[in-house]
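Each remark here refers to the structure printed beneath this line.
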4 protein chains.
Amino acid sequence: MTTPARSLRADAARNRELLLAAAEEEFAERGMDASIADIARRAGVAKGTVFRHFATKEELIAAIVGGHFAALTAVARGLLDSADPGAALLEFLTVAAEGLQQQDLTFLQTVSEGDSMVAELRNRLHASIGSLVERARESGAVRPDITGTDVFLLICAPVHAAGFLPDPAPDLWRRYLAIIFDGLRAEGAAPLPEPAPSWP
Amino acid sequence: MTTPARSLRADAARNRELLLAAAEEEFAERGMDASIADIARRAGVAKGTVFRHFATKEELIAAIVGGHFAALTAVARGLLDSADPGAALLEFLTVAAEGLQQQDLTFLQTVSEGDSMVAELRNRLHASIGSLVERARESGAVRPDITGTDVFLLICAPVHAAGFLPDPAPDLWRRYLAIIFDGLRAEGAAPLPEPAPSWP
Amino acid sequence: MTTPARSLRADAARNRELLLAAAEEEFAERGMDASIADIARRAGVAKGTVFRHFATKEELIAAIVGGHFAALTAVARGLLDSADPGAALLEFLTVAAEGLQQQDLTFLQTVSEGDSMVAELRNRLHASIGSLVERARESGAVRPDITGTDVFLLICAPVHAAGFLPDPAPDLWRRYLAIIFDGLRAEGAAPLPEPAPSWP
Amino acid sequence: MTTPARSLRADAARNRELLLAAAEEEFAERGMDASIADIARRAGVAKGTVFRHFATKEELIAAIVGGHFAALTAVARGLLDSADPGAALLEFLTVAAEGLQQQDLTFLQTVSEGDSMVAELRNRLHASIGSLVERARESGAVRPDITGTDVFLLICAPVHAAGFLPDPAPDLWRRYLAIIFDGLRAEGAAPLPEPAPSWP
DNA sequence: GATGAATGAGAGTTCATTCAT
DNA sequence: TATGAATGAACTCTCATTCAT
């Protein structure tokens, strides 16, 4: 009963999602060496179809990274009116790490650094985190000299640390998130060296 | 006082050093995609010379990673009889990060994971860090449930975090080292979630 | 009656044939040192296209050798119901040598020794020759102690012998085939030294 | 007590022999892919020393092939005054095949085709075989239309035929030499097709 | 005379991308 | 629109050969 024109679009949309999912898995397993051919095979489409959806490999990577940024932005915004700002910030970092936990995809960020759409989504995420941190700071949950940029830069650290082990326990990153979050609180700690970085 | 009998070997040894330095720079700038051809060009030697010194690209990477591990082991050992164990641990993490600061080379570790020489050097570094942490723990400078493995895994975190900015201030990593080190101390902090990881 | 649905495949199939022909010529002229680049150039396609059709150089060689085996098997089978078994055997050896005559490709056999498809085709050829020889033996056309394996091993000898001359007359091999075939008949000859070899 | 000048020459001569032996073994095991480096290692000398004795790889191969030709020439000449010319010819072919038996080195002949020293030695061998065959022909031991060139071209055939089996019995070639030699006699056989080849 | 470090052309192979069907 | 065959540049690695020591 769907109109043919729509069914084609639906197919295309479905292919796009299949491709993004396949690409993410493939990048997770093979790192930057994941090939377009393997991604296409995993998604069950032909190589040419990948390029119909994403003109270059970089564009595909940008879509993945941008998707993550957008999802995290939604999470951050959803936590903005939480009653406990400190707990909200911890919750945000936890959810963010859970998304990364399966495999470290941080290397994709470097590749998509120049993409303007990604830059826009990254800015939005940064802004949302900024609000989250501001509330936490005002409530005394984190040091007064911690900024949203600091938190943004530290998101991946727990998963990344655990990833240095060949077969890390699936929840090991929670241990390092706890350590780092304690470092953000650190009641009575001395002021941090180096000024907070400015956002580009 | 120089040994003239080794003049040719001296040339070869010099080339080896030139190659290691060139490779490190090239990997830093280009990531895993650094090519042997570019490394050779930067070192001022022919492509074939790279393979005379390092039979495969992986062997070259292993030499770089192993060299870093060995250097850090020496640093850790030199700090073992320091009067202030807590300061010694911080000093170690600082020197380690300084070595990484130029650029993030952590992706090389993944490649050389299977190399037995690297594994041996990594084990030695891990053991030295273990001693450093044990002393710091006994002196009350760090949480009682922090292990050498924890510290080993966190070495790269400060530099890695700063690296998410396109043009980070050269000493920005010191800010994140301070945060993480505070998390390691965290007097009166609750016990960490997740047990400390075992070393493979 | 042609299948238009396969027009693209037809192009690919044509390239495959072009490549096999070019490879055969190139191997004949240059021996084992024939390069994929030269083969591609002679076939009028890009280097990458060679690898689309044959994943490795060995696979290409296996295709050539297997093709020859299959063609010879067809010849042998076609001669099985000939009225004169001795003449049929001679005809088979003649046709086989004609196929080799252009140039000696026997060195390719060594390379493809490990390939299972080639092994299968070689076994079939061996079996067909076995039948041909059995009939010739029963009819008294060849010595009683000659086996199919003997004949299989001697197929290339006439062409190979002629090939030791720099510019052999194009039909010189017929002279050596006549000599060897006479050796197979040799009425009243003494029994052969060494038992007939077993087929692996 | 040896003069230094002579001891050096003796060393050099010894190295030359070591190299030829090592090269022959290496070519037998690895075929044309035998590398100068492996030959040098097997001979226990440095790569540069190989090139002091043989300016190019082709020169080394020429020395091997030429050595075989010279040795066979000596054998042929030694058999020239044998009482039974037919047996002498068979003995020559047997000794020649025994030299090849260890491994097939015929592919080296192709490479050294252009070398003038090899050509000279090949001509001498051809001439000696010519005398051997002439006597056998006159004595009625071989067909009247068999020439020395025919025999020259057929020398390798027995070993080559046996070599098509993966693990031929060490004396299997004797079986094929018997067949071919029977073909050379073949009393009452029809005249051979194709005229005898002329020697270049 | 012997050594082995250096050279550099060229090998097989991979892969993002294009384009005819 | 989707396909997958074709492309060609780039890669790692090999090896005969040269030459400073």
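Just so it is clear: chains get the letters A, B, ... in the order the sequence lines come, proteins before strands, and each one is counted from 1. The analysis underlying the following values was restricted to heavy atoms, covering all of them including side chains, and did not include hydrogens, waters or symmetry mates.
In this structure, C/R14 atom CZ and E/dT21 atom C1' are separated by 16 Å, rounded to whole Å. Here the P atom of nucleotide F/dT1 and the CG atom of A/L19 are 15 Å apart, to the nearest Å. Between the C1' atom of E/dT14 and the CD1 atom of C/I36 lies a distance of 14 Å, rounded to the nearest Å. One can place CE of B/M32 at 15 Å from C1' of F/dA10, the figure rounded to the nearest angstrom. Between the CG atom of B/D33 and the C1' atom of E/dT14 there is a distance of 13 Å, given to the nearest Å. When rounded to the nearest whole Å, the span between CZ of B/F54 and P of F/dT12 equals 15 Å. Between A/R52 atom CZ and E/dA20 atom P the separation is 14 Å, expressed in whole Å. Protein atom NZ of B/K57 is 13 Å distant from nucleotide atom C1' of E/dT14, rounded to whole Å.
Contact between the side-chain N/O atoms of D/N15 and the OP1/OP2 oxygens of E/dG1 is not found at any separation under 4.0 Å. A close approach under 4.0 Å does occur between a side-chain nitrogen or oxygen of C/H53 and OP1 or OP2 of F/dA6.
Residues from residues 38-51 of chain B that place a heavy atom under 4.0 Å from any atom of DNA chain E, listed by number: B/V45, B/A46, B/K47, B/G48, B/T49.
At least one side-chain heavy atom of C/M32 sits less than 4.5 Å from a side-chain heavy atom of C/L108. With contacts defined as side-chain heavy-atom distances shorter than 4.5 Å, the pair A/N15/A/T49 qualifies.
Comparing the local axis fitted to the first five base pairs of the helix from E/dA2-F/dT21 to E/dT21-F/dA2 with the one fitted to its last five gives a bend of 0°, rounded to 10°.
Of the candidate nucleotides E/dG12, E/dG4, F/dT17, F/dT17 has the atom lying nearest to any side-chain atom of D/T56.
D/E120 meets the side-chain contact (heavy atoms from CB on, under 4.5 Å) test with D/R124; sequence neighbours excluded. Applying the side-chain contact (heavy atoms from CB on, under 4.5 Å) rule to C/L20 yields the partners C/R16, C/E17, C/F54, C/L60, C/A63, C/I64; only residues at least two apart in sequence or on another chain are considered. When the side-chain contact (heavy atoms from CB on, under 4.5 Å) test is applied to C/D115, the partners found at least two apart in sequence or on another chain are C/A62, C/M117, C/V118. Annotation: ring pair (Phe, Tyr, Trp, His ring centres under 6.0 Å) contacts of A/F51 (sequence neighbours excluded): none.
At a threshold of 4.0 Å, the pair A/D38-A/R41 counts as salt-bridged, since one of the basic side-chain nitrogens sits closer than that to a carboxylate oxygen.
In terms of position along DNA chain F, the nucleotide closest to B/S35 lies nearer the 5' end than the nucleotide closest to the other residue of the pair D/E58 and B/S35.
If you check the side chains of D/H68 and D/Q109, you find no donor sitting under 3.5 Å from an acceptor.
Ring-plane geometry between C/H160 and D/H160 is classed as parallel, the angle between the planes falling under 30 degrees on a 0 to 90 degree scale with a further cut at 60.
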